[in-house]
Visitor: 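First the structure, then my questions, so here it is.
What you are looking at is a predicted structure, and each value in this text was computed from that prediction instead of being measured. Residue indices begin at 1 and follow the sequence shown.
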Amino acid sequence: MKSSELLARYLSRGAVVFCTALAMGWLSITYGAAAVEAQQPGAQALPPSRVDIDGEALQISVPPTWRKVANGQTVMFAPENGLGKVAGKAHVSNGIELGVTPTTRRDPNGVFEDLVEAFRSTNPKLRSASITRLVKLAGRLGLRGTFGNTSPVTGRAEFVIIAAAAIERDRALYVIGVAPDDQFGAFRPTFEAALLSLEAGR
């Protein structure tokens, strides 16, 4: 057989393999798109809740059964029995706190440290449980970390996720997620979804 015929046959087989792989890849992409579309109705079941904190218009998606409680520069979202009072002030024992606070620092690490220290001032048993990592809060770059704590509301062990980012006018935007340690595994996906949904209001 001539070398030209061998080359043609080789290229023909290669084309078949390539087309088969392409077809399989296309089916995978189509299936993935269908899976995303199938998830959209579930996502639409969590309409964003609009909040205005210190002139910052924001929206965040949380479970529709959660209560929304505004308290000055803070808005709390929590399921039933997820809020309590300490020294007459509302505290989250299972839920999310969203707020704006003054800061004298602009770098992500400095802003995060300020938030952690502010939280520690009312939670002296706070201890680090993970390394910090980058996060975006409503388009702003910040840091987040996970901590162990003893709840000032219940006295039980809990996990706390703190995320903070600098915003305009020497302020910081922060999100704090809190859950009892035995419920943290179930709570975390809800918190991550809420964090991803946080954006500037429209």
Side-chain angles (χ1 to χ4, degrees), residues 48-49 51 53-54 56 58-63 66 68-69 71-79 82-84 86 89-200:
S49 178
V51 297
I53 307 173
D54 195 27
E56 292 293 317
L58 302 164
Q59 58 185 31
I60 186 170
S61 296
V62 297
W66 285 20
K68 174 183 174 183
V69 177
N71 184 17
Q73 305 291 73
T74 300
V75 177
M76 290 168 274
F77 299 91
L83 291 173
V86 177
K89 293 184 178 181
H91 282 260
V92 175
S93 60
N94 186 4
I96 294 172
E97 178 179 323
L98 174 65
V100 172
T101 187
T103 182
T104 58
R105 304 164 79 173
R106 301 301 300 168
D107 62 293
N109 191 61
V111 171
F112 179 76
E113 286 180 354
D114 281 353
L115 251 296
V116 171
E117 287 309 308
F119 190 85
R120 197 189 305 275
S121 68
T122 56
N123 294 268
K125 295 186 178 180
L126 189 73
R127 59 198 181 280
S128 180
S130 75
I131 60 172
T132 58
R133 55 192 175 97
L134 293 173
V135 67
K136 275 204 171 182
L137 299 182
R140 282 88 161 197
L141 185 65
L143 287 177
R144 61 174 284 178
T146 303
F147 300 81
N149 191 37
T150 299
S151 172
V153 178
T154 67
R156 297 171 53 196
E158 66 182 9
F159 281 106
V160 180
I161 304 174
I162 299 176
I167 57 176
E168 295 76 16
R169 295 188 283 123
D170 296 323
R171 300 170 302 154
L173 172 64
Y174 69 86
V175 183
I176 299 174
V178 183
D181 63 346
D182 60 349
Q183 299 177 36
F184 185 67
F187 167 79
R188 187 160 192 161
T190 301
F191 176 80
E192 299 295 349
L195 203 62
L196 285 172
S197 75
L198 179 62
E199 60 182 26

Visitor: The criterion is salt bridge (Lys or Arg N to Asp or Glu O under 4.0 Å); which residues satisfy it with Asp54, sequence neighbours excluded?
Guide: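 For Asp54, the residues satisfying salt bridge (Lys or Arg N to Asp or Glu O under 4.0 Å) (neighbours in sequence not counted) are Arg171.
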Visitor: Distance check, rounded to the nearest 0.5 Å: Arg144 atom CZ versus Ile162 atom CD1?
Guide: 11.5 Å
Visitor: When rounded to the nearest 0.5 angstrom, what is the spacing between CG in Leu143 and OG1 in Thr132?
Guide: 5.0 Å
Visitor: To the closest 0.5 Å, what do you measure between CG (Asn94) and OG1 (Thr154)?
Guide: 9.5 Å
Visitor: Compare every heavy atom of Phe77 with every heavy atom of Ser49, then report the nearest pair and how far apart it is.
Guide: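 Shortest heavy-atom separation between Ser49 and Phe77 comes out as OG-CE2, 3.6 Å.
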Visitor: Between Glu168 and Arg140, is there a salt bridge with N-O shorter than 4.0 Å?
Guide: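 Counted as a salt bridge, because a side-chain N and a carboxylate O are separated by less than 4.0 Å.
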Visitor: Has Ser93 got a side-chain atom pairing as donor or acceptor with Gly82's backbone, closer than 3.5 angstrom?
Guide: yes
Visitor: In Å and rounded to the nearest 0.5 Å, what is the CD1 to CG distance from Ile161 to Leu195?
Guide: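 Reported value, rounded in 0.5 Å steps: 8.0 Å.
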Visitor: Closest approach of Ala172 and Thr103, non-hydrogen atoms and distance?
Guide: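 The pair with the smallest heavy-atom distance is N-CG2, 3.9 Å.
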Visitor: If every non-hydrogen atom of Ile96 is compared with every non-hydrogen atom of Ala194, which pair is closest and at what distance?
Guide: CD1-CB, 3.7 Å
Visitor: Under 3.5 Å, side chain of Arg188 to main-chain N/O of Gln183, donor-acceptor pair present?
Guide: no
Visitor: Over all heavy atoms of both residues, which pair between Val86 and Pro152 is shortest? Give the atoms and the distance, please.
Guide: CG2-O, 3.5 Å
Visitor: Quick one: does any side-chain atom of Asn71 pair with a main-chain N or O of Thr74 as donor and acceptor, under 3.5 Å?
Guide: no
Visitor: Do you know which two heavy atoms are closest between Ala200 and Ala138, and how far apart they sit?
Guide: N-CB, 4.0 Å
Visitor: Set out, in order, the CA-CA distance, both residues' side-chain angles and the distance that settles side chain to side chain contact (heavy atoms under 4.5 Å, CB included) for Val75 and Ile60, then state yes or no.
Guide: CA-CA 11 Å; Val75 177; Ile60 186 170; over 6 Å; no
Visitor: If you define the side chain from C-beta out and look only at heavy atoms, does anything of Leu173 sit under 4.5 Å from Ile53?
Guide: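 Counting from C-beta outward, Leu173 and Ile53 never come under 4.5 Å.
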Visitor: Could you walk me through whether Thr190 and Trp66 pass the side chain to side chain contact (heavy atoms under 4.5 Å, CB included) check?
Guide: CA-CA 11 Å; Thr190 301; Trp66 285 20; 3.9 Å; yes
Visitor: Going through the checks in order, is the side chain to side chain contact (heavy atoms under 4.5 Å, CB included) test met by Leu137 and Val175?
Guide: CA-CA 8 Å; Leu137 299 182; Val175 183; 4.2 Å; yes
Visitor: Which heavy atom in Arg106 sits nearest to a heavy atom in Ile167, and how many Å separate them?
Guide: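 Closest approach of Arg106 to Ile167, heavy atoms only: NH1-O, 2.7 Å.
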Visitor: Would a distance-only check, ignoring hydrogens and angles, find a side-chain to backbone donor-acceptor pair under 3.5 Å from Ser130 to Thr146?
Guide: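 Looks like yes, one N/O pair under 3.5 Å.
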Visitor: Among residues two or more places apart or on two chains, list those pairs meeting ring-ring contact (aromatic ring centres under 6.0 Å, His included) that have a residue in residues 130-185.
Guide: Phe159-Phe184
Visitor: Run the side chain to side chain contact (heavy atoms under 4.5 Å, CB included) check on Val178 and His91 step by step: do they pass?
Guide: CA-CA 10 Å; Val178 183; His91 282 260; over 6 Å; no
Visitor: Can you tell me how far CD1 of Ile176 sits from CZ of Phe191, rounded to the nearest 0.5 angstrom?
Guide: 9.0 Å
Visitor: Within this structure, what is the OG1-CG distance for the pair Thr101 and Asp170, rounded to the nearest 0.5 Å?
Guide: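 It comes to 11.5 Å.
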Visitor: For Asp181, enumerate each residue passing the salt bridge (Lys or Arg N to Asp or Glu O under 4.0 Å) test, keeping only those at least two apart in sequence or located in another chain.
Guide: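 So Asp181 forms no salt bridge (Lys or Arg N to Asp or Glu O under 4.0 Å) with any residue.
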Visitor: Are there more than 12 heavy atoms of other residues, nucleotides or ligands under 6.0 Å from atom NZ of Lys68?
Guide: yes
